[in-house]
There are 2 protein chains.
Amino acid sequence: MTAVFDSLSDPLPRRLAAGLSRLSVALRAGQWRLAEAHGLTPTQAQALALLAARSGAARPALRVSDIAEHLAITRPTASDAVTALERKGLIRRQPDPRDARATGLVLTEAGTALAREAGDWPATLLDVAADLPPPEQEALLRLVTKLIRGLQLRGAIAPARMCATCRFFRPYAHPADAATPHHCSFVDAPFGDRHLRLDCAEQDPLPDDEAEVVWTRFVSGPPAATPP
Amino acid sequence: MTAVFDSLSDPLPRRLAAGLSRLSVALRAGQWRLAEAHGLTPTQAQALALLAARSGAARPALRVSDIAEHLAITRPTASDAVTALERKGLIRRQPDPRDARATGLVLTEAGTALAREAGDWPATLLDVAADLPPPEQEALLRLVTKLIRGLQLRGAIAPARMCATCRFFRPYAHPADAATPHHCSFVDAPFGDRHLRLDCAEQDPLPDDEAEVVWTRFVSGPPAATPP
DNA sequence: CGATTATATGTAGGACTCCTACTCAATCAA
DNA sequence: TTGATTGAGTAGGAGTCCTACATATAATCG
C-alpha cells in the first residue's frame, strides 16, 4: 500500500498548493497583459468585470466595500482602483438611496463596452482549459467548486454565487440520467456537472444550515441504485 | 445529449478560468498575510522560496533573470525585489564566475531560515486541499499537472521541474500495479499519481521531442490489458 | 584584432497596489 | 441624546510593475 515515495515526497496538499500557485502566477501575468492592452491594471479590470457581472437594473448598485470583499483587498485599495476607473470615465459614483454614507458604483457606456473586452480571461488560459478532454474539464470544474466552497467556509473568499449553495439547486434530482442528473428549479431544467456555475446572476443563496445539507448531497454523488 | 443549459451557459473553459481566478484571488490574499507577517511582500517571499528550493551546493547560483522568468515578472521588477531582499540581509549578490555580467544570488543564514517559514503556503489553502478525499487530491494533481504543461508549451510559464517531462520518468512501467504504476529510475522505485512532483530537485528535463513522447504515454493512461 | 550584436543587469520615472492609521459623516442602539 | 458602529475616503510609505534607457561584458564575424 505505502510506497517508498510516500516518505520521500512533500505531502500532496503542499504540492497541490504549489501547483495552484504556479497557475496563479501565469494567470496574473496574463491578466497584466490583457488589462494593460486596454489601459487598465489587473485590479481595475477585475473590478470592472465584477461590476459588469453584477449590474442589473433591478439590483442595487455595488459599493466600494463589495469590490474590496470580492477581490480580497482592503477598502482603501479598492477605493484607489475605483477612483482610477472613475477618472478614466468607465464608472460613475452615485449616492446610494438606502444609505447616505454609501456610494453606488455604476458602469458608464464606455465602461460597459470595455468590460466586455478587458474583463475576459487570458486567451492562453482558455486555450489550455479547452485542450483538456471534456470529461476532465467537468471533473476540474467540480474540484474547483469544492475548493472555492472550502475557502468560502473558512472566510478566505467572498461568497460565490454558485449552484451548489443555491435555493434552486436540486442535486441528483434525476439520478437515472448520467449526463444531466441535477435540476435547476429556476429555469426548471435538468443539468449536469459540466453546467455548474460559479457566478450565476439568478443565484439565491440558501442559509448556511440548509446550504450544508444541499452541499452534502451534492458531494456525496449520485444515490446508490435502489435495490429491487 | 445536449441539454437546455448547453446554450444557456458560458462555455466550460470560461467558467474554469473564472474559477481558477477566484482561487488565485484567495491565494494572493493569503500570500500577503503570510509574507507580511515576516516583513516581506508576496513577490519577495516567492523569490526567497524559489532560491531556497533551487539552492544546492553543486548547482550554479540563480540569477535575477531566473527569478523574473519563474515569477513571470520583468527583470526590473525582479531586480527591485532582489534589492529589497538584499537590504533586509536575506540574500547576497556575488559575482558569477562563469559570466562577469551576471550576478549569482545566494541565501544568507537568515534568509535560509526565513524561507522555511515564509516560503510555505497559506494555511487555509493547505487545509482546503487536505479536506478533499485523497483520490480527488490525486485527480486534481494530475489535472493541475496537465494545465501547467499546457501553459509551459505555450510559453506562458517557465519550465517546471516535473516528473512528466523528466529523463527518469517511466509512465506506466508497472501497469499491473494500480497504486504505483509509474517508475522513477533516479531512485529506482515505483510510484503513483499521488507522488507526481511539480518541482523536483533531481529532475533532468528531456528534450522537447522526447518529452512529447513520454507525455503522451502519461496522459494516455494505463495501456489496455493485453488480451490472452 | 576590432566592430558589431546580443546578453545580464541596473537606473529612472510613473501609475498603481496594498497596507495601517486616521478622519468624517451617517446610522443604529441604548 | 449619547455613544458605538459602519461606509467611505485621505495620508503616507513600501513595494509592484511597467517602458525606456544606460552600462558592462560576452560572443560573433570580418
Side-chain angles (χ1 to χ4, degrees), chain A residues 24-25 27-48 60-88 90-105 118, chain B residues 24-25 27-48 60-88 90-105 118:
Chain A
S24 176
V25 163
L27 180 59
R28 183 140 193 105
Q31 283 174 331
W32 260 103
R33 318 291 170 237
L34 181 60
E36 215 163 28
H38 297 283
L40 299 174
T41 63
T43 305
Q44 291 167 19
Q46 280 178 282
L48 198 63
L62 288 188
R63 303 172 175 182
V64 173
S65 38
D66 295 323
I67 306 276
E69 191 191 4
H70 199 261
L71 303 189
I73 56 184
T74 59
R75 271 170 309 207
T77 301
S79 191
D80 285 347
V82 163
T83 302
L85 289 174
E86 192 178 26
R87 181 168 43 71
K88 290 173 186 174
L90 301 172
I91 66 176
R92 264 184 308 108
R93 291 181 210 244
Q94 62 182 15
D96 189 316
R98 297 164 302 160
D99 187 335
R101 292 168 302 181
T103 328
L105 304 173
Chain B
S24 177
V25 163
L27 180 59
R28 184 141 192 104
Q31 283 174 331
W32 260 103
R33 318 292 171 238
L34 181 60
E36 215 163 30
H38 296 284
L40 299 174
T41 63
T43 305
Q44 290 167 19
Q46 281 178 282
L48 198 63
L62 288 188
R63 303 171 173 183
V64 173
S65 38
D66 296 322
I67 306 277
E69 189 190 5
H70 199 262
L71 304 188
I73 55 183
T74 59
R75 273 169 306 211
T77 300
S79 189
D80 286 346
V82 163
T83 302
L85 289 173
E86 191 179 27
R87 181 168 42 72
K88 293 173 185 172
L90 301 171
I91 65 175
R92 264 184 309 106
R93 290 182 211 244
Q94 61 181 17
D96 189 317
R98 297 165 302 162
D99 185 335
R101 292 168 302 179
T103 331
L105 304 173

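Throughout, a chain's letter reflects where its sequence line sits, starting with A, and its residues are numbered from 1.
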Q: Would you say C:dG10 has OP1 or OP2 under 4.0 Å from some side-chain N or O of B:S79?
A: yes
Q: Using a 4.0 Å cut-off on protein heavy atoms (strictly under), produce a 5'-to-3' string for nucleotides 1-8 of chain C with B for base contact, S for backbone-only sugar-phosphate contact, and - for none.
A: -----BBS
Q: Can you check the A:D96 CG to D:dG9 P distance for me, whole Å?
A: 12 Å
Q: Counting side-chain heavy atoms from C-beta on, which of D:dC18, C:dC18, D:dT10 comes nearest to A:D80?
A: C:dC18
Q: Expressed in angstrom and rounded to an integer, what is the separation of A:Q94 atom CD from D:dG7 atom C1'?
A: 16 Å
Q: Whole Å only: how far is the CZ atom of B:R98 from the C1' atom of D:dA27?
A: 16 Å
Q: Considering just the side-chain nitrogens and oxygens of B:K88, establish if one lies under 4.0 Å of OP1 or OP2 belonging to D:dA14.
A: no
Q: It should be established whether B:T77 places a side-chain nitrogen or oxygen under 4.0 Å from OP1 or OP2 of nucleotide D:dC18.
A: yes
Q: Examine the side chains of A:R93 and A:T83 and answer whether a donor and an acceptor come within less than 3.5 Å of each other.
A: yes
Q: What is the distance, to the nearest angstrom, from the CG atom on A:L71 to the P atom on C:dT17?
A: 10 Å
Q: Reckon A:T74 has a side-chain N or O less than 4.0 Å from the OP1 or OP2 of C:dC19?
A: yes
Q: Rounded to the nearest Å, what distance is computed from the CZ atom of residue B:R28 to the P atom of nucleotide C:dC16?
A: 17 Å
Q: Tell me, which of residues 31-48 of chain B have any heavy atom that sits under 4.0 Å from an atom in DNA chain C?
A: B:W32, B:R33, B:E36
